[in-house]
Amino acid sequence: MLELKNLTVRYGKHLAVDGVSFSVTKGEAVVVLGANGAGKSSILKAVAGTVALSDGSVVLGGETLTGIPAHKVTNHGIALVPEGRGVIGRMTVEENLRLGATPQRARASEDDTMAQVFEIFPRLKERRSQFVHTMSGGEQQMVAVGRAMMSKPDYLLLDEPSLGLAPIVVGDMFKALARVRETGVGLLIVEQNVRISLRHADRGYLLEAGRITGSGTSEELMNDAAVRQAFLGGD
Ligand code: ATP
């Protein structure tokens, strides 16, 4: 289980994440919904070790990860797909994917994992020698998710995987994520795209100004008056 306990992030005097606690189990998809600036990215960065916690802890399988640098967090089985993807445009698809296989836990099975990535994203197999900067936004997002899968994570953290993609591409991406999840990986997704993320998640949390103000199953949240008002135009 991946547990966030009283997670608190400050940037100087600004309290971006204010005592957030919840957990994700393997094979489960959990979404955190929130508007711009609510603190969604900061939660993922804190779990991935790319920003420091001001308070609280991240516990993975009973082991406290707090204070472990980002590259070591990956060794423990947590991979972040950052907003903006973080892929390397001047490298090919295959080179980008292989970069993801650096943790010890991933090296021995690198080729098998790549075959699994290609099964979930056949487009990447077709384009394995193509430079990533020549690809569409949706294809680059596939590379980003594929590269994270190459580290053999138990938990995948996804920062707005739908951002900037056409609706049909978003649908395909979430279907692919469902397949990743079927392999037993736990997904923690932060999103502004409420409809599609709830359709593909088991549970969700509502984040406002760094605090959790609501939670429930996807169905409960979809029917929640506050969620509908804030995100679905009150319809
Ligand atoms: P978005 O959807 O716009 O990315 P978010 O919900 O992911 O928003 P965060 O990026 O976590 O929100 O930011 C939360 C708050 O912290 C915002 O007010 C933001 O301006 C602030 N913030 C984020 N990163 C930093 C930083 N490095 N230094 C100072 N303030 C920051």
Side-chain angles (χ1 to χ4, degrees), residues 2-24 29-58 65-71 73-74 78-87 137-138 140-141 144-145 148 153 155-167 169-170 173-174 177 186-201 203-216 218 221-222 224 226-233:
L2 173 64
E3 298 169 88
L4 283 58
K5 296 185 173 178
N6 189 33
L7 205 76
T8 306
V9 178
R10 283 177 195 279
Y11 301 108
K13 284 188 179 159
H14 181 69
L15 184 58
V17 181
D18 186 6
V20 163
S21 300
F22 64 85
S23 58
V24 185
V30 173
V31 64
V32 176
L33 305 171
N36 270 327
K40 304 181 301 298
S41 300
S42 299
I43 290 178
L44 296 192
K45 288 177 186 167
V47 174
T50 59
V51 300
L53 294 185
S54 307
D55 200 358
S57 56
V58 177
L65 298 186
T66 313
I68 294 179
H71 67 279
V73 172
T74 322
I78 293 179
L80 171 67
V81 181
E83 189 177 331
R85 303 169 194 134
V87 290
Q140 292 193 20
Q141 186 65 268
V145 173
Y155 294 93
L156 199 52
L157 315 177
L158 296 131
D159 197 345
E160 301 210 29
S162 77
L163 199 71
L165 305 184
V169 181
V170 172
M173 176 53 65
F174 273 90
L177 290 175
L187 304 180
L188 175 55
I189 305 169
V190 308
E191 262 296 346
Q192 293 192 48
N193 192 333
V194 174
R195 275 181 217 282
I196 188 122
S197 54
L198 284 181
R199 202 175 301 144
H200 289 273
R203 298 186 289 119
Y205 295 89
L206 201 57
L207 190 73
E208 289 178 87
R211 284 172 171 262
I212 290 182
T213 55
S215 65
S218 293
L221 287 174
M222 205 55 150
D224 183 273
V227 173
R228 298 188 81 84
Q229 187 63 40
F231 295 106
L232 301 172

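Just so you know, ligand 1 is whichever comes first in the structure, and atom 1 is the first atom listed for that ligand. Quick caveat: nothing in here was measured; it's all calculated off a predicted structure.
In terms of modelled atom types and a separation under 3.5 Å, the side chain of Arg228 and the main chain of Met222 share a donor-acceptor contact. With hydrogens and angles ignored, the 3.5 Å screen pairs no side-chain donor or acceptor of Glu3 with any backbone N or O of Lys5.
Evaluation of the side-chain hydrogen bond (donor to acceptor under 3.5 Å, both in side chains) rule for Asp18 yields Arg211 as partners, not counting sequence neighbours.
Looking from atom 2 (O) of ligand 1 to the surrounding protein, the closest heavy atom is Glu160 OE2, 3.0 Å. When only non-hydrogen protein atoms are considered, atom 15 (C) of ligand 1 lies nearest to His14 NE2, 3.5 Å. The single protein non-hydrogen atom nearest to atom 11 (O) of ligand 1 is Ser42 OG, 2.5 Å, given as residue, atom name and distance. Given atom 4 (O) of ligand 1, the protein heavy atom at minimum distance is Glu83 OE1, 3.3 Å. Scanning the protein heavy atoms around atom 23 (C) of ligand 1, the nearest turns out to be Tyr11 CE1, 3.3 Å. With respect to atom 10 (O) of ligand 1, the closest heavy atom belonging to the protein is Ser41 CB, 3.6 Å. Atom 12 (O) of ligand 1 has its closest protein heavy atom at Gly39 N, 3.2 Å. Ranking the protein heavy atoms by distance from atom 3 (O) of ligand 1 puts Asn36 OD1, 2.9 Å first.
In this structure, Thr8 and Asn6 have side chains that are in contact, with non-hydrogen atoms separated by less than 4.5 Å. His200 is not listed as a side-chain neighbour of Leu187, based on a closest heavy-atom distance of 4.5 Å or more.
With ligand atoms numbered from 1 in the order given, ligand 1 contributes 6 (O) to contacts under 4.0 Å with heavy atoms of Ala35. In summary, the atoms of ligand 1 found under 4.0 Å from a heavy atom of Gln192, numbered by their order in the structure, are 2 (O).
Put simply, no part of Lys45 is less than 4.0 Å from ligand 1, judged by heavy atoms.
The OG atom of Ser41 sits 6.0 Å away from the CD atom of Glu160 when rounded to the nearest 0.5 Å. Note that CD1 of Ile212 and CG of Leu206 are 9.0 Å apart. Values are rounded to the nearest 0.5 Å. The CD1 atom of Ile189 sits 5.0 Å away from the CZ atom of Phe174 when rounded to the nearest 0.5 Å.
Heavy-atom proximity to atom 6 (O) of ligand 1, evaluated over Glu191, Lys13, Lys40, is greatest for Lys40.
Note that atom 20 (O) of ligand 1 has no protein non-hydrogen atoms nearby, at separations under 4.0 angstrom.
Close N/O approach between Gly37 and ligand 1 is found [any backbone or side-chain N/O within under 3.5 Å].
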Could you go through residues 46-56 and list every donor-acceptor pair under 3.5 Å that involves a side-chain atom there, pairing it with any protein atom two or more places apart or in another chain?
{"from": "Thr50", "atom 1": "OG1", "to": "Lys45", "atom 2": "O", "distance (Å)": "3.4"}
{"from": "Ser54", "atom 1": "OG", "to": "Arg10", "atom 2": "N", "distance (Å)": "3.1"}

